[in-house]
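Comments concern the structure below.
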2 protein chains.
Amino acid sequence: MYSIGDIANIMGINTSAIRFYDRNGLLPFVQRDKAGRRKFKPEDLNFIEVIDCLKKSGVPVKDIAQFITLCMQGDQTLQERYDYLDDEEEKLSLKIEKMQTQLEFLQYKKWYYKTAIKEGTEDIHFLPNSRMIDPQTRNEFEEKRKVTADIHELTDL
Amino acid sequence: MYSIGDIANIMGINTSAIRFYDRNGLLPFVQRDKAGRRKFKPEDLNFIEVIDCLKKSGVPVKDIAQFITLCMQGDQTLQERYDYLDDEEEKLSLKIEKMQTQLEFLQYKKWYYKTAIKEGTEDIHFLPNSRMIDPQTRNEFEEKRKVTADIHELTDL
DNA sequence: TCTTGACTTAAACATTAGTTTAAGTCGTAT
DNA sequence: ATACGACTTAAACTAATGTTTAAGTCAAGA
């Protein structure tokens, strides 16, 4: 049996966050002792794992509560629960893909600043013919420049 | 020259969000026409791109404003700006890795429900000897079970 | 000329996700 | 026996990120 403090340690969060989750329907399965204190059973950790995963995946508390509601309804909702997780998997997958696109842009911008630092000024990216001396840097520049051009093409009106 | 509406279309957000960003220091570079309307220059799209990227990477508006402040200070902050983006790249990288861990857990849980649906009940995952008939399913089960065991080992007190 | 649509502001409102506070209840160690 | 730490609640509070509202300005087309 785990206390609310134990669960807070396991999840790496504050006990008041757990009480907040409880208020919002994420923990309908927790039992209480005579004094009214929450007592988590070892099996409850299966729920805690799922809640933790969905939270970390960016799923709103309200949505997680709906999934937990399905869980409490027994075997008749197994397919619904599968479908729900399938949806969340898809969403998370897309989110990761988008994050990777942002990562690539950050890497491009790092190159942008690296070359600017080398030349001592950001102007080289606006006046390509005036200051780019090193031919290797110049080639890198032209190649990367296409990336920005593509982005502009996508986002311009 | 782009109006606030143009920029809203480019970023796929509401014009009031852009005004909010402006109030919070993300757009110190925008000029106004005689009537006081925001006029974005084509070069301003470089800022818009970065802001968009950082927003999508989950960077708080306050932090982005600090970066933009550095941008407005000219070439003397090039190194600082590089270091800032380097930090954000690292953070985003870690975030993506964690997301991938959550994705794997979701995939495991999908398997968990898939097998439960096949047997008609979730009980198979708690009473492994009672209902698991198909030996192939049984083997999959045992293998995946180790995953949960590992997770418990990590999170248990 | 007059209307329409796009813009402007300040200020109020909404939502999400908690955190903090105040007042109180237990079980246990000294 | 009493003090301490961990728990309980309801309610107020905070922070981030916008959205909505109300009142007004302006340029362009019918």
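Proteins get letters first, then strands, A, B, ... in listed order; numbering begins at 1 in each. Any value given below was found using the heavy atoms of this structure, including those in side chains, with hydrogens, waters and symmetry copies removed.
The nearest whole Å value for the distance from the CD1 atom in A:Ile4 to the C1' atom in C:dT25 is 15 Å. With rounding to whole Å, A:Asn9 atom CG is found 12 Å from D:dA6 atom C1'. The interatomic distance linking A:Leu54 (CG) with C:dT16 (P) rounds to 17 Å, in whole Å. To the nearest angstrom, P of C:dA6 lies 19 Å from CZ of B:Arg32. A:Phe40 has its CZ atom 13 Å from the C1' atom of D:dT8, to the nearest Å. Following rounding to the nearest Å, B:Ile64 (CD1) and D:dG18 (C1') show an atom-to-atom distance of 14 Å. Here D:dA6 presents its C1' atom at 18 Å from CE of A:Met1, a figure rounded to the nearest Å. Between A:Leu27 atom CG and C:dG18 atom P there is a gap of 12 Å when expressed in whole angstrom units.
Within residues 12-23 of chain A, the residues having any heavy atom under 4.0 Å from DNA chain C are, by residue number, A:Asn14, A:Ser16, A:Ala17, A:Phe20, A:Tyr21, A:Arg23.
Considering only side-chain N and O atoms, B:Ser3 lies under 4.0 angstrom from the phosphate OP1 or OP2 of C:dC7.
The side chain of A:Ala35 lies closest to C:dC26 when the candidates are C:dC7, D:dC7, C:dC26. For A:Arg38, counting side-chain heavy atoms from C-beta on, the closest listed nucleotide (D:dC7, D:dT8, D:dT17) is D:dT8. Counting only heavy atoms from C-beta on, B:Pro60 has its side chain closest to D:dT17 among D:dT17, C:dT8, C:dG27. Among the nucleotides C:dG18, D:dT17, D:dC26, the one closest to the side chain of A:Val61 is C:dG18.
For the pair B:Asp6 (side chain) and B:Ser3 (backbone), a donor-acceptor distance under 3.5 Å is present. Side-chain atoms of B:Asp87 do not come within 3.5 Å of backbone N or O of B:Tyr84 as any donor-acceptor pair.
At a threshold of 4.0 angstrom between heavy atoms, the contacts of A:Lys34 with the nucleic acid are absent. Among the atoms of the strands shown, none is found under 4.0 Å from any heavy atom of A:Lys39.
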Pair up each side-chain donor or acceptor in residues 54-73 of chain B with any protein partner under 3.5 Å, not counting sequence neighbours, and list the distances.
{"from": "B:Lys56", "atom 1": "NZ", "to": "B:Asp52", "atom 2": "OD2", "distance (Å)": "3.1"}
{"from": "B:Ser57", "atom 1": "OG", "to": "B:Cys53", "atom 2": "O", "distance (Å)": "2.8"}
{"from": "B:Thr69", "atom 1": "OG1", "to": "B:Ala65", "atom 2": "O", "distance (Å)": "2.8"}

Going by atom type alone, with no hydrogens or angles, which donor-acceptor pairs under 3.5 Å involve a side-chain atom of residues 34-44 of chain B and a protein atom two or more places apart or on another chain?
{"from": "B:Arg38", "atom 1": "NE", "to": "B:Asp22", "atom 2": "OD2", "distance (Å)": "2.7"}
{"from": "B:Arg38", "atom 1": "NH2", "to": "B:Asp22", "atom 2": "OD2", "distance (Å)": "3.3"}
{"from": "B:Asp44", "atom 1": "OD2", "to": "B:Lys41", "atom 2": "N", "distance (Å)": "2.8"}

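A pairwise comparison of heavy atoms in B:Arg19 and B:Ile4 identifies CG-CD1, 3.5 Å as the closest pair.
Using cut-offs of 30° and 60° on the angle between ring planes, the pair B:Phe29 and B:Phe47 is parallel.
Under the 4.0 Å criterion applied to side-chain N and carboxylate O atoms, B:Arg81 and A:Glu122 are assigned as salt-bridge partners.
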